[in-house]
Student: 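To start, I am sharing the structure in question, which I have written as structure tokens.
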Protein chains: 4
Amino acid sequence: MSVNQMGRPRDERLGRALLDATCELLAERGYAATTIEDVARRAGTTKPTLYRRHRNRVELVTEALVDRFGHDPTHDTGTLRGDLEDLQRHQVTLFGDPVLRGAMVGLLDELRADEEAATVFVSRFLAPRRAATARVLERATERGEIAACDDPEWICDLVTGPLLMRAMLPGLPPLDETLVEQTVAAALASLGVSGGAGRRP
Amino acid sequence: MSVNQMGRPRDERLGRALLDATCELLAERGYAATTIEDVARRAGTTKPTLYRRHRNRVELVTEALVDRFGHDPTHDTGTLRGDLEDLQRHQVTLFGDPVLRGAMVGLLDELRADEEAATVFVSRFLAPRRAATARVLERATERGEIAACDDPEWICDLVTGPLLMRAMLPGLPPLDETLVEQTVAAALASLGVSGGAGRRP
Amino acid sequence: MSVNQMGRPRDERLGRALLDATCELLAERGYAATTIEDVARRAGTTKPTLYRRHRNRVELVTEALVDRFGHDPTHDTGTLRGDLEDLQRHQVTLFGDPVLRGAMVGLLDELRADEEAATVFVSRFLAPRRAATARVLERATERGEIAACDDPEWICDLVTGPLLMRAMLPGLPPLDETLVEQTVAAALASLGVSGGAGRRP
Amino acid sequence: MSVNQMGRPRDERLGRALLDATCELLAERGYAATTIEDVARRAGTTKPTLYRRHRNRVELVTEALVDRFGHDPTHDTGTLRGDLEDLQRHQVTLFGDPVLRGAMVGLLDELRADEEAATVFVSRFLAPRRAATARVLERATERGEIAACDDPEWICDLVTGPLLMRAMLPGLPPLDETLVEQTVAAALASLGVSGGAGRRP
DNA sequence: GTATAACCGAGACGGTACGTCAGGTCTTGAT
DNA sequence: ATCAAGACCTGACGTACCGTCTCGGTTATAC
């Protein structure tokens with residue numbers, strides 16, 4: 001093997017330029033108006049070069065998002081409440097980002113018709129975030145703060161759903177620190193932690 | 001004498017056929033693949049006729065959704081928990097409907113670039129639902145079940161966000177009765193109703 | 001018979017307005033850009049009213065031309081040369097008219113695909129003019145100026161062809177008195193009248 | 001180094017196919033019924049490809065005509081009469097061609113509204129033919145057959161007008177050898193050549 | 001004087017074609 | 001093998017007229 005590596009090598013700066021141009025256009029104009037031709041033009045290159053790296057728009061955007069929002073750094077703060085607040089502050093930043101707001105709904109629409117791309121998106125973007133939340137719950141169980149959670153999926157939806165909603169629907173209040181507190185409190189209450197519900201004193 | 005209503009009147013069956021065809025295609029193929037030409041063809045008419053009634057795809061789809069999911073019948077069940085369960089069962093049906101699942105994300109994407117259409121969507125589709133939730137809370141306050149809620153927006157996001165999430169993101173569990181219970185319990189807990197959190201016995 | 005003549009009679013001013021509007025638009029914008037809708041609008045009426053009087057654009061324009069350029073008044077001037085000059089002066093005016101220049105070529109194009117309309121155009125517009133020319137030749141024969149002409153069609157083409165050409169092709173010299181002299185001289189020469197060819201002294 | 005000639009070169013077979021399809025449709029159905037879509041379809045290609053080469057129907061048809069009837073080969077036959085007969089036989093063939101008959105009037109109509117296209121048509125189609133006629137007259141002057149012609153435009157109209165008329169107006173006799181003789185005789189008479197007028201013996 | 005019939009305005013309707021835009025592929029010459 | 005350039009096929013866009021139709025309402029003659 002390794003007869004590979006013949007011919008002119010790829011210009012790696014082009015890969016970056018393409019992903020960056022994609023993010024810029026997503027933030028400026030949204031998904032539908034982010035055309036392949038415009039991405040290539042803004043990156044200073046051409047369509048065939050783009051297609052050599054990304055099979056279509058869905059994959060291009062998915063890869064741009066993964067590249068930009070790839071991994072949540074979840075720290076162990078020592079308490080469940082601390083971990084959840086950390087998680088939610090990160091998510092508020094994420095869903096407040098104009099790139100993600102511009103990309104999300106349009107991308108989700110196309111994923112409905114492209115099962116393969118949907119799988120990629122789930123495994124590289126969605127699943128890691130949900131896994132991070134599950135890990136927070138596991139650590140809390142190990143600490144003895146809560147009993148083993150029997151439906152971590154629900155907790156994920158509970159903490160992320162309201163944020164997603166504010167990010168995607170028009171005319172709603174902005175994502176802010178209040179929302180962090182509210183979602184964390186709701187999660188703690190749902191997990192049976194006393195003092196979780198209502199306002200903190 | 002009213003000089004209004006001149007000329008050949010519109011064939012209202014066509015209006016119906018167009019909205020129905022729109023819903024069918026949204027359910028079958030999603031928003032992006034629901035082309036104006038296909039809608040017109042399936043409705044048994046032509047593009048100019050469609051454009052006489054709907055200025056563009058955003059308005060067509062918005063009107064189709066409003067027509068189909070126009071008004072939530074909120075009954076007064078006598079208790080806050082009952083009202084919320086009623087509300088959530090209705091929302092589970094709504095977000096589980098393939099028409100709405102097919103339409104939602106794509107429509108939201110285009111609304112980002114069309115402020116006028118976004119306003120219409122908000123006022124005719126979103127606002128009435130949030131108002132219904134607010135009414136449920138007011139009734140509970142009048143009954144003395146809860147103190148006046150100082151952030152009804154948050155309760156709306158709390159009960160709807162998780163449903164929206166399951167409806168829009170790929171690879172998540174289905175919308176079911178369990179989710180009704182979980183969201184209602186979370187809402188009650190967040191409203192300070194004792195016994196709200198956790199599973200009901 | 002004569003159960004006709006019931007109901008509201010036609011408003012004859014509309015017929016006039018339609019023909020006039022047709023001529024105006026033909027002169028301003030040519031045949032192709034003279035749409036039925038514009039004619040009706042400018043006449044202050046509507047399409048169905050127009051179609052009640054004219055089956056289609058070809059007939060509308062034909063009737064407008066016949067109405068405007070209906071009949072050549074051919075006077076007997078006493079000499080062949082005088083008759084021909086009279087004829088040609090009339091034709092120069094005719095082919096110089098912006099209405100006819102605007103209408104002619106476009107109308108001829110559509111006549112190619114509508115044999116019935118072509119027949120109407122020939123019989124009501126073309127044939128009378130050629131007959132007038134033939135009559136001039138007959139009168140000259142009766143006067144003894146020329147022998148009986150055995151190919152009057154050719155004389156028609158000879159006197160009219162150059163005018164038609166200048167009227168229809170772009171970039172050619174204007175129709176003027178010189179052309180009257182030249183065509184008359186050529187016709188006389190072709191008819192064997194000595195002194196016909198060349199310039200008159 | 002010339003940076004010209006980049007990108008994929010045009011498939012010249014497509015250019016040919018488009019011009020040929022245009023001529024076929026012009027001959028079959030005339031100008032008005034020669035739609036861009038049909039031309040593209042018959043050429044086995046698509047509208048955008050057609051529009052890449054021809055800005056609109058006027059230019060497409062003009063270029064098709066120039067391509068097909070591009071240049072009159074005027075031979076020097078040694079005599080004025082011979083040259084004119086040669087010219088006229090060529091013109092009879094030209095105006096008898098169904099492609100040109102189908103295209104001419106419709107094209108002329110649209111040229112009235114498109115000055116730029118009219119200029120192209122004049123310079124590439126009309127002017128060369130008139131120049132050829134002028135050259136015939138110059139050669140005759142050089143030979144001493146006639147004095148210098150002071151109005152060659154008139155001779156052009158004289159020899160071409162009658163042919164154009166027969167080609168464009170419906171219901172007229174066909175273009176034939178007789179017309180060649182008649183026009184040549186008229187031209188010679190008009191140029192002052194004795195024996196020009198009337199029938200040849 | 002009251003039917004009755006044709007007229008008129010307005011505008012919806014099914015069509016067909018327009019000229020444009022973008023997606024995704026392919027071909028060329030050059031690096 | 002990759003790159004810039006751009007041609008190519010495909011399919012949908014939103015618009016413009018065509019010629020027809022259906023209305024509500026208006027005149028006239030005919031009964």
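All values below were derived from every heavy atom in this structure, side-chain atoms included, with hydrogens, water molecules and symmetry-related copies excluded.
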Student: For D:R13 and F:dC8, give me the distance from atom CZ to atom P, rounded to whole Å.
Tutor: 10 Å
Student: What's the closest nucleotide to the side chain of B:T46 if the choices are F:dA4, E:dG14, F:dG6?
Tutor: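 Within the option list, the nearest is E:dG14.
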Student: Report yes or no: is there a donor-acceptor pair, N or O only, under 3.5 Å between the side chain of C:K47 and the base of E:dG11?
Tutor: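 No, no donor-acceptor pair under 3.5 Å.
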Student: Round to a whole Å and report the spacing from CZ of B:R55 to P of F:dG14.
Tutor: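 The distance from CZ of B:R55 to P of F:dG14 comes to 12 Å, rounded to the nearest Å.
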Student: Check the distance between E:dT20's C1' and D:H54's NE2 and give it to me in whole angstrom.
Tutor: 17 Å
Student: Report yes or no: does D:D109 contribute a side-chain atom to a donor-acceptor pair with the main-chain N or O of C:A32 at less than 3.5 Å?
Tutor: yes
Student: Specify the separation, in whole Å, of atom OH of C:Y51 and atom C1' of E:dA12.
Tutor: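 It is 15 Å, rounded to the nearest whole Å.
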Student: Expressed in angstrom and rounded to an integer, what is the separation of B:L14 atom CG from F:dT22 atom C1'?
Tutor: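 The distance from CG of B:L14 to C1' of F:dT22 comes to 13 Å, rounded to the nearest Å.
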Student: Is D:R55 salt-bridged to D:E116, cutoff N-O under 4.0 Å?
Tutor: yes
Student: Could you tell me whether B:D11 contacts a base, only the sugar-phosphate backbone, or nothing, with contacts defined as non-hydrogen atoms closer than 4.0 Å?
Tutor: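 Contact class for B:D11: sugar-phosphate only.
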Student: In whole angstroms, how far is the P atom of F:dC17 from the CG atom of C:L60?
Tutor: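 Whole-Å distance recorded here is 16 Å.
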Student: Do other residues, nucleotides or ligands put more than 12 heavy atoms under 6.0 Å from the CD atom of A:E115?
Tutor: no
Student: Need one value for D:R52: base, sugar-phosphate or nothing, where a base atom within 4.0 Å counts as base even if backbone is also close, heavy atoms only.
Tutor: base
Student: Is the count of non-hydrogen atoms from other residues, nucleotides or ligands lying under 6.0 Å from C:R124 atom CZ greater than 12?
Tutor: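 Counting other residues, nucleotides and ligands, CZ of C:R124 stays at 12 neighbours or fewer.
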Student: Drop me the distance from A:R13's CZ to A:L18's CG, to the nearest 0.5 angstrom.
Tutor: 12.5 Å
Student: Using whole Å, report how far CZ of D:R57 lies from P of E:dA17.
Tutor: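 Value for this atom pair: 11 Å.
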Student: Nearest 0.5 Å, what's the CG-OG1 distance between A:L26 and A:T34?
Tutor: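 One gets 4.0 Å once the value is rounded to the nearest 0.5 Å.
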Student: Quick one: C:L50 CG to E:dG11 P, roughly how many Å, whole number?
Tutor: 17 Å
Student: Mind checking if C:R53 touches a base, just sugar-phosphate, or nothing, with heavy atoms under 4.0 Å?
Tutor: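 Counting heavy atoms under 4.0 Å across all strands, the contact made by C:R53 is with sugar-phosphate only.
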Student: Let me know, please, whether C:E12 or B:E12 comes out on the 5' side of the other along DNA chain E by nearest nucleotide.
Tutor: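 Counting from the 5' end, the first nearest nucleotide belongs to C:E12.
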Student: Under 4.0 Å from any atom of DNA chain F, heavy atoms only: list the residues of residues 33-44 of chain C that qualify, in numerical order.
Tutor: C:T35, C:I36, C:E37
Student: Do the side chains of D:E28 and D:R42 get close enough for a salt bridge, i.e. N-O under 4.0 angstrom?
Tutor: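 Counted as a salt bridge, because a side-chain N and a carboxylate O are separated by less than 4.0 Å.
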Student: Classify the nucleic acid contact of A:T49 as base, sugar-phosphate or nothing, counting any heavy atom under 4.0 Å across all strands shown.
Tutor: sugar-phosphate
Student: Quiz question: going by heavy-atom distance under 3.5 Å, is there a donor-acceptor pair between the base of F:dC21 and the side chain of B:R8?
Tutor: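 Indeed there is one.
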